[in-house]
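All values reported here derive from a predicted model rather than from experimental measurement.
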Amino acid sequence: MATAAYGGLAGILTEQGAGAATYKRNSDNAFFASHPKYKFVMVNHVTTNSFFTATIYGIKDACALTGCSYQWTGSATSIVNQMVSAFNAAIAGKANGIGCCLIDNTAFNKPVDTALSHGIPVIAYNADVSAGTPNNRLSYVGQNNLTAGAAVANQILKTGVKSGDLVAGIIATPGTGNIQPRIDGAKPVLQKAGVKFEEVGTSATEGAPEYNKIAAWYAGHKDVKFMFGVDSGDSDAIAQFIQKNNLKGKVGGAGWDVGTPVVQGVKAGNLTFTIDQQAYLQGFDTIMQLYLFNISGGLMKPTNTDTGLGIVVQSTVEPYLAKNRFEGTSSKQQALKPPASIPH
């Protein structure tokens, strides 16, 4: 029945077309009441970063399911002023809901309050303000970055890294709220174990800029025992750097997120592990919560959602290697086969 019902909903949306002003309920497909075609705006800090491909697919699927539309906007290079301008434009455009990566602890306070004053719900996704920092966004959808950073450090210590060893935390944009907490969570755990820790900043631009910064740093620190990235671009670069320079077995590596070069690096043994924070869910759940807030007249209040901390190692990486929509490696909509056994 669920399959038939979903097919019926797809038919409704197809008949209405992308430009339809309303979602129409009928007697054969009683999913939700008829409602305006809500428009949601997702403000992002690195709009072209490959990590968010899966997030966008999650947004698209949620919008298709509910008969809504979305806008993907913000900054390509983590420029906060550009994000604030996009946020304010969403308010002026009378968006029905706003999702925003809160990468700065104070810059978004006024825009959030303005949106709420206009009846526009705001959800932080992927990045939130620091604990204890005032911001009136309604909820956060994403990973607990501080806790995740500590977990990564503990995983690194299990690889044989010991007191006196040098470990590097590779970060694209030091200080930004979405990734700095990962470093801040890992650093004290490593230092408590006597490990020498160094933070290495690279670039918000993926590819050669990140790779070259890592190469330049390594040239002066060839005694490093382990390097871990806290963002997808740097993780790709670490995987490629270890492979191209034949450092497997000499320098340990770990990534963040499950982009193709990273999971291939885990499969090949160039990386010990990587972190899956479920990027698809960060888009899908944000849209669904904004939608439910609107259609319920504000009764369905957004709730915090921790999208998890999955440590992917060589023995569990295989499913990530198959191209799929949920990890952003394929646009194809397909039903994947669940695992025969779930780790517990």
Side-chain angles (χ1 to χ4, degrees), residues 36 38-47 49 51-52 55-56 58-59 62-63 66 68-146 173 175-182 184 204 277 279 281-307:
Y38 305 126
K39 178 182 178 181
F40 303 123
V41 177
M42 299 290 281
V43 181
N44 192 268
H45 55 293
V46 280
T47 52
N49 191 290
F51 166 80
F52 286 103
T55 305
I56 293 172
I59 293 168
C63 283
T66 56
C68 301
S69 66
Y70 79 96
Q71 179 186 5
W72 182 256
T73 185
S75 172
T77 53
S78 293
I79 297 176
V80 173
N81 287 343
Q82 292 178 356
M83 296 177 67
V84 170
S85 294
F87 198 119
N88 288 331
I91 297 171
K94 299 181 179 180
N96 298 108
I98 299 172
C100 184
C101 299
L102 299 183
I103 66 170
D104 186 281
N105 279 337
T106 59
F108 298 98
N109 288 355
K110 184 177 179 180
V112 167
D113 288 345
T114 300
L116 297 178
S117 296
H118 285 79
I120 302 172
V122 179
I123 294 177
Y125 73 98
N126 183 258
D128 196 15
V129 294
S130 301
T133 302
N135 186 284
N136 292 317
R137 91 291 183 274
L138 300 182
S139 68
Y140 170 61
V141 176
Q143 189 177 68
N144 185 319
N145 288 312
L146 199 65
T173 48
T176 54
N178 60 314
I179 52 180
Q180 186 64 47
R182 299 169 183 171
D184 295 342
Q277 59 172 308
L281 188 58
Q282 293 178 12
F284 185 88
D285 191 69
T286 299
I287 293 296
M288 291 302 296
Q289 291 205 41
L290 291 173
Y291 170 77
L292 289 172
F293 179 93
N294 275 273
I295 198 170
S296 72
L299 293 175
M300 297 294 99
K301 295 174 176 58
T303 58
N304 292 330
T305 302
D306 188 338
T307 57

Chemist: So Ser78 and Val46, do their side chains get closer than 4.5 Å, heavy atoms only?
Modeler: yes
Chemist: What distance do Asp285 atom CG and Ile123 atom CD1 have between them, rounded to the nearest 0.5 Å?
Modeler: 7.5 Å
Chemist: Look up atom CD1 in Ile59 and atom CG in Asn44, then write down how far apart they are to the nearest 0.5 Å.
Modeler: 8.0 Å
Chemist: Are the side chain of Gln277 and the backbone of Gln282 linked by a donor-acceptor contact shorter than 3.5 Å?
Modeler: no
Chemist: Which residue, Phe284, Tyr291, Tyr70, forms the side-chain contact (heavy atoms from CB on, under 4.5 Å) with Cys63?
Modeler: Tyr70
Chemist: Supply the atom-to-atom distance Met42 CE to Thr55 OG1, rounded to the nearest 0.5 angstrom.
Modeler: 7.5 Å
Chemist: At their closest point, which heavy atom of Tyr125 faces which heavy atom of Thr286, and how far apart are they?
Modeler: CB-OG1, 3.5 Å
Chemist: To the nearest 0.5 Å, what is the distance between CG (Asn145) and CD (Gln180)?
Modeler: 10.5 Å
Chemist: Out of curiosity, Thr307 OG1 to Asn144 CG, how far, rounded to the nearest 0.5 Å?
Modeler: 10.0 Å
Chemist: What's the verdict on side-chain contact (heavy atoms from CB on, under 4.5 Å) for Tyr38 and Thr66, showing C-alpha distance, side-chain angles and the deciding distance?
Modeler: CA-CA 9 Å; Tyr38 305 126; Thr66 56; over 6 Å; no
Chemist: Measure the shortest side-chain to side-chain distance between Leu138 and Lys301 over non-hydrogen atoms and say whether it is less than 4.5 angstrom.
Modeler: no
Chemist: For Thr47 versus Gly74, what's the shortest heavy-atom pair and its separation?
Modeler: CG2-N, 4.0 Å
Chemist: Kindly compute the distance separating OG1 (Thr114) from CG (Asn136), expressed to the nearest 0.5 Å.
Modeler: 11.0 Å
Chemist: Is any side-chain heavy atom of Pro134 closer than 4.5 Å to one of Val129?
Modeler: no
Chemist: Among Val122, Asp113, Asn109, which residue meets the side-chain contact (heavy atoms from CB on, under 4.5 Å) test with Arg137?
Modeler: Val122
Chemist: Parallel, tilted or perpendicular: which one describes the rings of Phe52 and His45, with boundaries at 30° and 60°?
Modeler: perpendicular
Chemist: Does any non-hydrogen side-chain atom of Met83 lie less than 4.5 Å from one of Ile103?
Modeler: yes
Chemist: For residues 94-102, please give each side-chain donor-acceptor pair under 3.5 Å, one per line with the distance, not counting sequence neighbours.
Modeler:
residue, atom, partner, partner atom, Å
Asn96, OD1, Lys39, N, 2.8

